[in-house]
Peer 1: 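I have a structure I would like to understand better, so I am pasting it below and will then ask my questions one at a time.
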Number of protein chains: 2
Amino acid sequence: MSDGTDTSRPEVPRAGGVQSLARAFGLLETLAEAGGEAGLSELADRTGLAPATIHRLVRTLVDLGYLRQLPSRRYTLGPKLVGLGETAARQFGRWATPVLTDLVAEIGETANLAVLDGDRAVYVAQVPSPHQMRMFTEIGRRVPVHCTGVGKALLSALPPADAAGIVARTGLPAVTPTTITDPEVFARELAVARERGYVLDEGEQETGVRCVAAPVTGPHGSAAVSVSGPLSRMDDAAVARIAPLVVAAGRRLGTLLATA
Amino acid sequence: MSDGTDTSRPEVPRAGGVQSLARAFGLLETLAEAGGEAGLSELADRTGLAPATIHRLVRTLVDLGYLRQLPSRRYTLGPKLVGLGETAARQFGRWATPVLTDLVAEIGETANLAVLDGDRAVYVAQVPSPHQMRMFTEIGRRVPVHCTGVGKALLSALPPADAAGIVARTGLPAVTPTTITDPEVFARELAVARERGYVLDEGEQETGVRCVAAPVTGPHGSAAVSVSGPLSRMDDAAVARIAPLVVAAGRRLGTLLATA
DNA sequence: CCCTACATTCCATGATGCGGAAGCGCCAGT
DNA sequence: ACTGGCGCTTCCGCATCATGGAATGTAGGG
């Protein structure tokens, strides 16, 4: 950075405006990816930043309560992040939960809301089915887009070029025997989804779980609703009954999103 | 900092090193306090920062995915915060949940883990009692220290001077008829807690709920475990049986905290 | 239709964050 | 116990980067 001849900056393609912020959040993410705990030098290795720089950022975060320093001098995500995340989730849940609750009442299976986060989908709200008490709070969980109902629904609402870009970056790794791994088949799947307004997930992420998902139709709305349940209850007749309800819920959430 | 005559800055006592970071997180907190949604000028009013400054910070956060801009141009907490918060909670929960689960198995009442966050306590892990399905995920909730079992347990593990400092700042507002409001009585309560190794919460935050809490004994360990249930089940005999178990759990968590 | 209020962009200024290098404390090795 | 090495922390001069006042664009209200 000291000579004016080469101003190319291959790292951090387009972070944002304030670099210290981008770096700090990068550190938080790096820490999360590292399993929620890391030493300073490990962070330096992963991010390529100077130790002194990292130390200052990290120290600030510790002072603010968003990071904790363990007795071993390593760093962990701090308690305040839990609070913020909870508030954020509540925020999403506030307007989505009523609609999801209706869906569960009509269908009897677990209903989810997810949004696009980079190249993956994050669950931001969930209303569990009355059938099985399973599934803790899956809220906040990030899943691949290519093998989940919500993921495919999210892609189907994107401009095809953007969707193709995401798929190109993430690839189509097989998770179960039914996961779609052929790009051409996947493209057709999205085309069908756009046509019908909903997608199916035929146990592509978890065997035995069938899922109906629809995009949340809004202006900027990168969101998707889904209803999922075990194959035993989700037969073809059930899907035929469920699909229109999920699509309607997506539309309803879209108008809510635009309004509030 | 613009004029040399008056450098007193009553606001933001000691933020941290990197000011843009402190401000950005301040904005996130302000947004959370405002109900999770606010316009730019509202943020400007609440924080006292220049609109241009806020806009740049906020725009960066939007680019990074930690904030979302609604069609109405207002701002909301973004999906990535949900993910980070969940990871942070999982991080705490990972090593705590097994111990809490054992506690619930032995006692049959809800078990919690909380840490000190500034002058308040935050719940970071919880295993619900099999009895009542009540209580959603209370994780992330911040509560006062003076009227909760975990709060008093946290204070009892602190150097008395530090505990007194916190109490001096927060005061002892009455929340229920049994809340301790006399500083001298409260100091004695903490002394007893240090002596016995556990504290009771006699419906001091919510009438009818009795709670046994113990500090997590670690090197720097500002954490506390608690078990709480309705008075009907938490009689004196139950408390006598429960207290040693909670203390033991605190000790166990302490060694885990020091190790991993 | 104009007008007010809000969000957004521009730009010169200097405060502020940056990172190389030196200092310390902790384990591991012998 | 001594020593070496590694990783965390602190210092300090330089210039980059964030800052905020003012100008511009945009939406809703009278």
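So that the names make sense, note that chain A is the first sequence line, chain B the second, and so on, each numbered from 1.
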Peer 1: Nearest-Å distance, CD (B:E42) to P (C:dA5)?
Peer 2: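 Rounding to the nearest Å, CD of B:E42 and P of C:dA5 are 17 Å apart.
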
Peer 1: Check this for me: does the side-chain of A:R56 come within 3.5 Å of the base of C:dG19 through a donor and an acceptor?
Peer 2: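 Flag set: donor-acceptor pair detected.
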
Peer 1: When you measure from the side chain of B:Y75, which nucleotide among C:dT8, D:dT19, C:dG17 comes out closest?
Peer 2: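 Side chain of B:Y75 sits closest to C:dT8.
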
Peer 1: Rounded to the nearest Å, what distance is computed from the CZ atom of residue B:R74 to the C1' atom of nucleotide C:dA7?
Peer 2: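 Whole-Å distance recorded here is 13 Å.
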
Peer 1: Reckon A:S20 has a side-chain N or O less than 4.0 Å from the OP1 or OP2 of D:dC17?
Peer 2: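 No, outside the criterion.
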
Peer 1: Can you list the steps and then say if B:L77 with B:L67 is a side chain to side chain contact (heavy atoms under 4.5 Å, CB included)?
Peer 2: CA-CA 5 Å; B:L77 299 175; B:L67 237 47; 4.2 Å; yes

Peer 1: B:R23 CZ to D:dT19 C1': how many Å, rounded?
Peer 2: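 After rounding, the reported distance stands at 8 Å.
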
Peer 1: Can you check each nucleotide of nucleotides 22-30 of chain D against protein heavy atoms at under 4.0 Å and return B for base, S for sugar-phosphate only, - for none, in 5' to 3' order?
Peer 2: ----SS---

Peer 1: Between atom OG of A:S41 and atom CZ of A:R74, what is the distance when rounded to the nearest 0.5 Å?
Peer 2: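 The OG atom of A:S41 sits 8.5 Å away from the CZ atom of A:R74.
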
Peer 1: Using a cut-off of 6.0 Å, state whether more than 12 heavy atoms not belonging to B:R251 lie near its atom CZ.
Peer 2: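 No, not enclosed.
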
Peer 1: Name the nucleic acid region contacted by B:T53, choosing base, sugar-phosphate or nothing; use a 4.0 angstrom heavy-atom cut-off, strictly under.
Peer 2: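 Touches a base.
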
Peer 1: Salt bridge (charged side-chain N to carboxylate O under 4.0 Å, His left out) with B:R196: which residues, sequence neighbours excluded?
Peer 2: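 B:R196: no salt bridge (charged side-chain N to carboxylate O under 4.0 Å, His left out) contacts found.
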
Peer 1: Side chains of A:K80 and A:L64: does their closest heavy-atom pair fall under 4.5 Å?
Peer 2: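 Counting from C-beta outward, A:K80 and A:L64 never come under 4.5 Å.
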
Peer 1: Find the bend of the helix from C:dC1-D:dG30 to C:dT30-D:dA1 as the angle between its two terminal axes (five pairs each), to the nearest 10°.
Peer 2: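 About 50° separates the two local helix axes.
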
Peer 1: Holding to salt bridge (charged side-chain N to carboxylate O under 4.0 Å, His left out), I want the full list of residues that pass it with A:E106, two or more places apart in sequence or in another chain.
Peer 2: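 In terms of salt bridge (charged side-chain N to carboxylate O under 4.0 Å, His left out), with neighbours along the sequence ignored, A:E106 is linked to no residue.
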
Peer 1: Could you report the tightest heavy-atom contact between B:P215 and B:G197, atom names first, then the distance?
Peer 2: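 Scanning both residues completely, I find the closest heavy atoms to be CD-O, 3.6 Å.
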
Peer 1: Tell me which residues in residues 43-51 of chain B put a heavy atom below 4.0 Å from DNA chain D, sorted by number, or none.
Peer 2: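 DNA chain D contact set from residues 43-51 of chain B: B:A50.
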
Peer 1: Kindly say if B:Q19 contacts the phosphate of D:dA18, meaning a side-chain N or O under 4.0 Å from OP1 or OP2.
Peer 2: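 The answer is no; no side-chain N or O of B:Q19 sits under 4.0 Å from OP1 or OP2.
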
Peer 1: Show the atom names and distances, to 0.1 Å, of all donor-acceptor pairs under 3.5 Å that link a side chain in residues 44-51 of chain B to residues at least two apart or in another chain.
Peer 2:
{"from": "B:T47", "atom 1": "OG1", "to": "B:L43", "atom 2": "O", "distance (Å)": "2.7"}
{"from": "B:T47", "atom 1": "OG1", "to": "B:L49", "atom 2": "N", "distance (Å)": "3.4"}

Peer 1: To the nearest Å, how far apart are A:Q69 CD and C:dC26 C1'?
Peer 2: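 For the pair A:Q69 CD and C:dC26 C1', the rounded distance is 14 Å.
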
Peer 1: Determine the sole option in B:R68, B:Q69, B:E37 for which the side chain to side chain donor-acceptor pair (under 3.5 Å) test with B:Y75 is passed.
Peer 2: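 Among the candidates, only B:Q69 passes.
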
Peer 1: Please report the distance, rounded to the nearest Å, between CD1 in B:I54 and P in C:dT9.
Peer 2: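 Computing the B:I54:CD1 to C:dT9:P distance gives 15 Å.
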
Peer 1: Evaluate the criterion side chain to side chain contact (heavy atoms under 4.5 Å, CB included) for residue pair A:L154 and A:L158; output intermediate values, then yes/no.
Peer 2: CA-CA 7 Å; A:L154 284 167; A:L158 251 46; 5.9 Å; no

Peer 1: What integer distance in Å separates A:L57:CG from D:dT9:C1'?
Peer 2: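 From A:L57 CG to D:dT9 C1': 14 Å.
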
Peer 1: In the structure I gave you, are the side-chain heavy atoms of A:L113 and A:V216 within less than 4.5 Å of one another anywhere?
Peer 2: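 The answer is yes, as the side chains (C-beta and beyond) meet within the 4.5 Å cut-off.
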
Peer 1: How many whole angstroms separate atom CG of B:L21 from atom C1' of C:dG17?
Peer 2: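 Rounding to the nearest Å, CG of B:L21 and C1' of C:dG17 are 10 Å apart.
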
Peer 1: Rounded to whole angstrom units, what separation is found between the NE2 atom of A:H55 and the P atom of C:dG23?
Peer 2: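 Going from NE2 in A:H55 over to P in C:dG23 covers 17 Å.
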
Peer 1: Are B:F25 and A:F25 near enough that their ring centres are under 6.0 Å apart?
Peer 2: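 Centroid distance B:F25-A:F25: below 6.0 Å, so yes.
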
